[in-house]
**Student:** 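Take this structure, written in structure tokens, and hold onto it; I'll ask about it next.
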Amino acid sequence: MSKKKNGSSGLGQLLIPLIALGILVLFNLFRDISFFSITMRVNNSGNIVLAGNLISIIDNASELAIIAMGMTLVTAACGGQDISVGAVAAISGAVLVKVLQGMGGITPVSLLLGFLAATLVTILFKLFNGTLVAVFRIQPMIATLILFSCGRSIAYWINGDATPQLYAPIIDSIGKTIPGIPIPTPIFAVLLMGLLLILLFRFTSLRLYTQSVGINQGAARLNGINPTTVKLISFVILGVCVSIAALLGVCRMHQLNHKNLLVDIEMDAILAVAIGGNSLGGGKFKLIGSILGAYIIQMLTTTLYAMNVNPVNIKAYKAIVIILIVVAGSPVIKRGLTALWKKLRTNKAQTEGVN
Amino acid sequence: MFEKKNGAALRTREPLTDTQMLMFISIGIFAAMYLAAVLFMGGGFRKPQMFFDLLNDNAALIIISCALTIVMITGGINISVGGVIGLTTMACAIFVNSRSGESGTVSILLTLLLALGIGLGFGVLQGFLVARLEIQPFIVTLAGMFLARGLTTILSLEPVTVSHEGFQALVESRVKIPWLGYVAPNGNLIPAKIEIGAIVAICVVILMALTLHNTRFGRNVYAVGGNPQSALMLGINVKRTVFWAYVISGLLSGLAGFVFLMHKPAGNASVAMRSEMDAIAASIIGGTLLTGGVGNVIGSFFGAMILATIQKIIFLSPLNASWWQDMANGAMLCFFILLQSLILMRRNNSKTAGKLQKNLKIHKADKTTEGKEEKHET
């Protein structure tokens with residue numbers, strides 16, 4: 001009985017994002033079926049790659065999906081969101097480029113070292129946020145407002161006003177495709193990060209700990225869980241996610257622009273978490289929901305582009321769809337619908353009984 | 001027994017003074033900062049006009065800080081204020097230009113109504129979604145921000161400059177303070193000038209402070225933010241209070257858009273970008289807590305003034321670069337946030353300790369009375 005209940009509540013959380021995705025897919029099917037066509041084409045560097053709207057949706061949503069995973073954990077543990085991810089990603093990219101310039105060339109080794117250094121710096125900055133949240137008990141949104149307002153300036157300070165251009169085969173294989181593999185590399189990065197987190201949840205009690213800290217910190221502490229550590233771990237994982245997303249973003253654009261790297265991604269990531277049915281107040285979470293949310297946001301954007309909506313006007317249409325999705329997922333509507341469903345079922349049972 | 005409890009509730013006003021301490025710290029820091037600027041920067045800071053320029057340039061920021069403070073006291077947040085300013089300036093600029101033949105007063109009044117109407121629309125929509133449908137305020141107002149920004153670019157991508165003569169007269173009108181000013185080299189006294197927008201902003205601060213402190217609605221806002229459950233138990237209509245808080249917030253952001261247009265008479269899609277974060281920072285520096293129940297409009301006013309002073313100091317110093325300004329803002333925010341957290345931790349500790357003792361006492365009293373009753377029964 002209890003097992004069944006758990007299963008239904010889990011699906012209930014994913015119901016809204018799945019319906020939203022389904023409506024988007026149906027809408028595109030009726031609008032223009034060629035939206036889904038996937039073709040093989042030869043790209044500029046002579047490799048055969050897959051092309052098409054679906055591929056570009058999944059490809060372009062990669063950074064968002066990766067950051068949304070980390071954001072889900074932070075949201076679940078702390079009951080608040082980190083709004084400094086975009087700014088810290090700019091810092092991470094700046095460190096990466098600084099190391100690459102210091103090593104005097106882009107080779108796999110220098111890129112790896114640069115990535116490791118960038119990850120380390122990102123984790124340090126996230127630990128700063130994490131300390132404010134976990135030790136000083138500051139609301140996450142306010143604690144991360146500090147880096148939100150000055151993060152991009154720190155990136156500027158590290159690297160100057162220049163927008164360094166990066167051209168090398170290895171950059172291409174990370175940002176676009178590896179020669180011989182037709183699927184864009186960022187998709188593999190999402191899969192890898194997802195797999196890592198799933199393994200982490202499988203072999204440690206992190207998921208349970210995070211949820212219990214998010215639901216009731218005091219009770220978790222009395223049960224021997226250290227809330228401070230759990231919150232700090234969630235910020236460290238978010239740091240790794242941000243660093244990977246920054247690497248993908250830099251490699252995709254072939255350049256570092258501290259003003260535009262992953263700009264506004266914090267808002268989209270929080271939206272992805274919310275659309276995925278996760279509570280922004282912390283507690284229970286479903287990673288897959290946030291990933292679905294990221295793809296829904298990207299699919300919405302791509303659909304609007306395909307409908308020839310002016311890119312600068314997209315925000316208004318996006319806002320309307322977002323409002324519709326969150327209204328459909330709101331607790332009041334949910335309660336009303338379940339009440340209606342129960343009524344219908346009892347009516348049906350009654351009529352069957354009469355027959 | 002009941003009267004006793006009421007008495008205790010009335011007596012525990014100490015936490016209020018504790019949060020007022022945050023406000024006084026921010027006022028003190030503003031005064032110290034301004035004094036230091038006068039002493040060490042000299043130049044423009046010696047003239048009283050500088051202070052009024054801070055008000056003139058940041059009238060819109062002050063108003064949206066008030067707009068944010070009231071929703072933050074209810075425990076929510078409103079990040080659509082910057083977007084609403086952008087939309088209002090654009091819509092009003094286009095509207096007022098379309099009535100170029102008319103007399104000044106009528107078209108200005110109609111423009112003001114349009115600005116307030118846009119703000120009211122956003123406020124009602126967001127209030128309904130947050131209060132009635134119980135959607136998280138962050139997401140609702142984020143969508144509101146997207147909607148406002150998108151509608152602004154749909155209205156016009158190009159900046160629209162106001163060409164209406166009556167409105168331009170309003171933009172250029174200043175209130176002079178005859179007894180305050182500085183003496184020019186030729187011996188004439190040049191009076192300090194205040195823009196109408198700055199006066200509006202100060203009126204808003206005073207009105208909001210009076211509303212929050214002296215009306216039933218204001219008290220309800222604090223109660224709802226402090227603990228929605230107990231507010232509900234006390235018979236306060238939580239949903240209606242939250243709804244009206246968002247409506248007021250939206251209305252104020254529409255007004256801020258109009259004030260912004262009076263300061264810079266042009267509609268522009270990138271106007272007031274990220275000003276919502278500045279407003280949140282101003283509220284936090286002024287002692288408002290995002291958790292709700294604590295805050296003060298006057299504190300937010302000084303928070304906005306602190307941000308404005310930092311901006312001015314860095315603008316006039318050799319470090320004039322936007323990134324230095326960001327860093328200074330970040331450092332200032334960090335300082336205030338840590339200060340708040342330390343004060344709150346201390347307060348929570350003393351509060352829980354006090355509570356525990358009181359609870360124990362009440363428990364004892366209850367037990368003794370119970371025992372007596374039992375005895376009576378037996």
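In what follows, chains carry the letters A, B, and so on, assigned in the order in which the sequence lines appear, proteins first and then strands, with residues in each chain numbered from 1. Hydrogens, waters and symmetry mates are skipped; everything else that's a heavy atom, side chains included, is used.
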**Student:** Is A/L280 close to chain B through its backbone or its side chain, or both, or neither, when contacts mean heavy atoms under 4.5 Å?
**Tutor:** both

**Student:** Verify the distance criterion only: is there a donor paired with an acceptor across the side chains of A/T75 and A/N278 at less than 3.5 Å?
**Tutor:** no

**Student:** If you count heavy-atom pairs under 4.5 Å with chain A, which of B/R149, B/M332, B/R132, B/R274 comes out on top?
**Tutor:** B/R274

**Student:** Given a strict heavy-atom distance threshold of 4.5 Å, which part of B/I284 is in contact with chain A: side chain, backbone, both, or neither?
**Tutor:** side chain

**Student:** What option among B/N329, B/I139, B/D278 has the most heavy-atom pairs under 4.5 Å with chain A?
**Tutor:** B/I139

**Student:** Contact part of B/I337 toward chain A, heavy-atom cut-off under 4.5 Å: side chain, backbone, both or neither?
**Tutor:** both

**Student:** Does the side chain of A/R152 come within less than 4.5 Å of B/D326's, by heavy atoms?
**Tutor:** no

**Student:** Do B/Q126 and B/S80 have side-chain heavy atoms sitting under 4.5 Å apart?
**Tutor:** yes

**Student:** Side chain, backbone, both or neither: which part of B/L142 has a heavy atom under 4.5 Å from chain A?
**Tutor:** side chain

**Student:** Please check: side-chain N/O of A/E266 versus main-chain N/O of A/G86, any donor-acceptor pairing under 3.5 Å?
**Tutor:** yes

**Student:** Strictly distance-based, threshold 3.5 Å: is any side-chain N or O of B/Y246 a donor or acceptor partner for the main-chain N or O of B/L125?
**Tutor:** no

**Student:** Side chain, backbone, both or neither: which part of A/I322 has a non-hydrogen atom closer than 4.5 Å to chain B?
**Tutor:** side chain

**Student:** Any side-chain heavy atom of A/M267 sitting closer than 4.5 Å to one from A/L271?
**Tutor:** no

**Student:** Below 4.5 Å from any heavy atom of chain A, which atoms of B/E134 appear? Answer side chain, backbone, both or neither.
**Tutor:** both

**Student:** For the candidates B/L151, B/T152, B/L157, B/V140, which exhibits the highest count of non-hydrogen atom pairs separated by less than 4.5 Å from chain A?
**Tutor:** B/L157

**Student:** Find out whether A/N159 and A/H258 are in side-chain contact, i.e. whether some heavy atom of one side chain is under 4.5 Å from a heavy atom of the other.
**Tutor:** no

**Student:** Check each atom of A/I154 against the heavy atoms of chain B and say whether the ones under 4.5 Å are side chain, backbone, both or neither.
**Tutor:** both

**Student:** Is it the backbone or the side chain of A/F136 that comes under 4.5 Å from a heavy atom of chain B, or both, or neither?
**Tutor:** both

**Student:** Would you mind checking which part of A/I83 comes under 4.5 Å of any heavy atom in chain B, side chain (CB onward), backbone (N, CA, C, O), both or neither?
**Tutor:** side chain

**Student:** In terms of heavy-atom proximity below 4.5 Å to chain B, should A/V273 be classed as side chain, backbone, both, or neither?
**Tutor:** neither

**Student:** Do any N or O atoms from the side chain of A/T131 and from the backbone of A/L127 form a donor-acceptor pair under 3.5 angstrom?
**Tutor:** yes

**Student:** Would A/N257 and A/T163 count as having a side-chain donor-acceptor pair, cut-off 3.5 Å?
**Tutor:** no

